[in-house]
Asks: 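Submitted below is the structure of interest, expressed as structure tokens.
These numbers were taken from a predicted model, which means no experiment stands behind them. Just so you know, ligand 1 is whichever comes first in the structure, and atom 1 is the first atom listed for that ligand.
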Amino acid sequence: MNNIPPNSLLAVPTGALQIPELIELPVGASSENILFSLVIPTYKERDNIKNVVTILSQILDESIPFEYELIVVDDDSPDGTWEFAQSLTPEYPQLRVMRRQNERGLSSAVIRGWQAARGRILGVIDGDLQHPPEVLTQLLRVISEGADLAVASRHVEGGGVSSWSFVRRLLSRGAQLLGLVILPGVLGRVSDPMSGYFMVRRSSLAGVTLNPVGYKILLEVIGRGEVRSIAEVGYVFCERKQGESKVTSKQYLDYIHHLVRLRLSTGRLGKISQNISFPVDRFVRFGLVGLSGVFVDMTLLYLLSDPTTLALPLTRSKIITGEIAIINNFLWNDAWTFADVSTRQQEWRQRLKRFLKFNIICLAGLVLNVLVLNLVFNFIIPNRYIANLIAIAAATVWNFWVNLKLSWRVTQVK
Ligand code: GDD
Ligand code: MN
């Protein structure tokens with residue numbers, strides 16, 4: 001490990017996303033433990049990276065000389081960000097670069113960087129200068145004053161966004177509110193849970209296996225880490241000057257997926273689901289697909305049966321929309337929820353078989369839905385909406401479990 005030539009790329013850690021304890025290295029070893037490791041995840045940031053490295057180095061050389069490292073984790077950007085960053089290392093000896101070729105995604109990039117880090121404090125900052133670098137020293141200070149986690153926040157004093165439209169602010173706050181409902185124990189602890197600019201003590205994360213989806217790595221750190229005290233420092237999220245944002249609508253879906261996964265795998269629910277080894281992740285995806293089906297069903301029902309549109313009879317409309325929703329759900333489940341199974345069984349006959357099974361199981365689910373609804377409403381809780389929710393939950397679990405066992409049965413063929 002200690003004989004790596006100074007100009008080579010960092011090796012990409014593999015296996016579980018787990019941060020190791022800091023191993024005490026002998027004084028004088030060619031690599032030594034340091035105070036602070038700052039990860040800069042990048043994708044197509046060639047026009048930014050030099051500026052970022054220069055400014056960060058200036059600030060850190062002044063406040064903690066030789067006690068820090070910058071780790072660029074680039075996902076094999078087609079613009080050669082990793083190569084360009086690597087060419088800066090002779091000039092900036094604190095800089096190390098990792099080029100990932102087999103994995104993708106912001107959150108896992110950050111964790112891979114931390115896994116290779118030597119610092120007692122682990123940090124992350126965007127590689128596009130939207131996070132003002134001068135806030136770093138304040139974040140370091142609140143950690144040295146005792147915080148386990150220091151978060152740069154847009155929503156405390158001194159914080160803000162530069163010129164976001166009303167719609168963008170609304171979306172951002174809506175996402176936060178949704179998170180607060182699903183995961184109050186995590187989102188409720190910070191004013192800006194979406195922040196991608198923070199630092200955390202290694203001791204709060206060491207030994208914990210992280211399992212993020214998408215962009216919001218801070219949720220993972222608070223949700224799974226041993227974070228006792230949190231401090232926040234205000235910052236203004238600047239506009240991008242070079243390159244472009246990588247955020248797409250998929251990130252919103254990832255975010256919800258991440259929230260639900262954390263909800264089900266941490267705390268009391270997590271203990272239960274671990275004991276019965278329930279495939280939480282798949283179930284979350286199945287549930288999200290189910291929601292998309294409700295949306296399809298509702299929209300089509302309006303188009304077919306509303307008096308202002310086609311005005312078809314209700315039952316006939318519902319049979320059509322229900323079947324289309326089932327087809328919708330099947331396609332998504334086949335391509336996403338059970339992708340690992342379906343890619344191994346791609347023949348159209350196999351697909352058709354899965355579809356028919358799915359269809360029959362979902363129809364049985366509908367029958368179960370009606371039965372449970374009546375049972376609960378008549379004998380247990382005389383409120384039709386609560387009874388319906390319980391019935392939907394029962395049918396969803398049924399649909400998921402039976403489809404898991406029958407439609408997308410994992411047959412072990414080598
Ligand atoms: N390695 C890697 N892999 N880096 C990535 C990836 C990826 O798949 N996707 C994005 N990045 C890098 C970008 O190059 C940039 O340095 C940083 O991650 C943030 O990505 P942006 O696409 O610029 O995100 P943004 O500015 O729209 O969103 C930011 O919004 C939050 C505030 O709400 C996020 O970066 C958050 O970190 C930030 O706090
Ligand atoms: Mn950005």
Side-chain angles (χ1 to χ4, degrees), residues 9-10 12-13 17 38-53 55-56 70-82 84-85 97-116 123-133 135 139 150-156 159-165 168-176 179 187 190-199 212-221 232-252 254-255 258:
L9 290 162
L10 276 177
V12 184
L17 293 169
L38 182 59
V39 167
I40 309 160
T42 58
Y43 190 69
K44 296 200 270 187
E45 302 291 0
R46 193 186 175 96
D47 297 335
N48 283 311
I49 195 64
K50 181 157 189 197
N51 259 333
V52 172
V53 168
I55 297 174
L56 292 177
L70 302 175
I71 303 179
V72 168
V73 183
D74 186 65
D75 282 1
D76 208 14
S77 300
D79 68 1
T81 304
W82 58 275
F84 186 50
V97 180
M98 187 184 290
R99 173 196 186 190
R100 296 203 307 168
Q101 289 173 287
N102 300 322
E103 265 177 341
R104 285 274 177 282
L106 177 52
S107 291
S108 69
V110 175
I111 300 171
R112 291 300 184 204
W114 286 343
Q115 285 182 304
V124 55
I125 187 168
D126 284 357
D128 55 9
L129 291 171
Q130 289 193 273
H131 292 153
V135 175
L139 292 170
V151 181
S153 166
R154 294 167 295 178
H155 307 310
V156 294
V161 287
S162 31
S163 56
W164 281 20
S165 68
R168 188 152 175 215
R169 282 170 210 253
L170 202 71
L171 273 179
S172 173
R173 286 304 202 167
Q176 190 178 353
L187 282 278
V190 280
S191 67
D192 191 356
M194 311 297 170
S195 178
Y197 188 13
F198 62 90
M199 49 186 82
V213 220
Y215 255 48
K216 300 304 171 190
I217 174 76
L218 181 58
L219 300 180
E220 195 68 12
V221 168
E232 299 187 83
V233 175
Y235 85 97
V236 177
F237 192 66
C238 315
E239 288 305 302
R240 227 180 215 279
K241 299 206 174 65
Q242 303 290 336
E244 52 194 44
S245 169
K246 282 88 206 173
V247 173
T248 61
S249 54
K250 180 173 180 292
Q251 259 87 43
Y252 288 96
D254 279 347
Y255 170 67
H258 194 187

Asks: How about Glu220 and His258: do any of their side-chain heavy atoms sit closer than 4.5 Å?
Replies: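 Touching, per the 4.5 Å side-chain cut-off.
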
Asks: Looking at Asn48, is its backbone amide N or carbonyl O close enough to the side chain of Lys50 to form a donor-acceptor pair, meaning the two atoms are under 3.5 Å apart?
Replies: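 Flag not set: sc Lys50 to bb Asn48 has no pair under 3.5 Å.
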
Asks: Sort out the contact shell of ligand 1: every protein residue with a heavy-atom distance below 4.0 Å, listed by chain and number.
Replies: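 Under the 4.0 Å cut-off, ligand 1 touches Pro41, Thr42, Tyr43, Glu45, Val73, Asp75, Gly105, Leu106, Ala109, Asp126, Gly127, Asp128, Gln130, His131, Arg154, Met194, Ser195, Gly196, Tyr215, Lys216, Phe237, Arg240, Ser245, Lys246, Val247.
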
Asks: State which residues pass side chain to side chain donor-acceptor pair (under 3.5 Å) with Ser108; sequence neighbours excluded, sorted by chain then number.
Replies: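 Expected list: Arg100.
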
Asks: Hey, is the main chain of Ala175 close enough, under 3.5 Å, to the side chain of Tyr255 for a donor-acceptor pair?
Replies: yes

Asks: What residues, two or more places apart in sequence or in another chain, satisfy side chain to side chain donor-acceptor pair (under 3.5 Å) together with Thr42?
Replies: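 Thr42 satisfies side chain to side chain donor-acceptor pair (under 3.5 Å) with Asp74 only.
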
Asks: Would you indicate whether Gln101, at its atom CD, is surrounded by more than 12 heavy atoms from other residues, nucleotides or ligands within a distance under 6.0 Å?
Replies: yes

Asks: Ignoring water, what protein N, O or S atoms are under 2.8 Å from the Mn ion (ligand 2)?
Replies: Asp128 OD2, Gln130 OE1

Asks: Look only at the side chain of Arg169 and the backbone of Trp164, and say whether a donor-acceptor pair between them is shorter than 3.5 Å.
Replies: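 Yes: the side chain of Arg169 pairs with the backbone of Trp164.
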
Asks: Report yes if some heavy atom in the side chain of Gln242 is under 4.5 Å from a heavy atom in the side chain of Leu129; otherwise report no.
Replies: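 Heavy-atom side-chain distance check fails, nothing below 4.5 Å.
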
Asks: Tell me if a side-chain donor or acceptor on Asp126 pairs with a main-chain N or O of Asp128 at a distance below 3.5 Å.
Replies: no

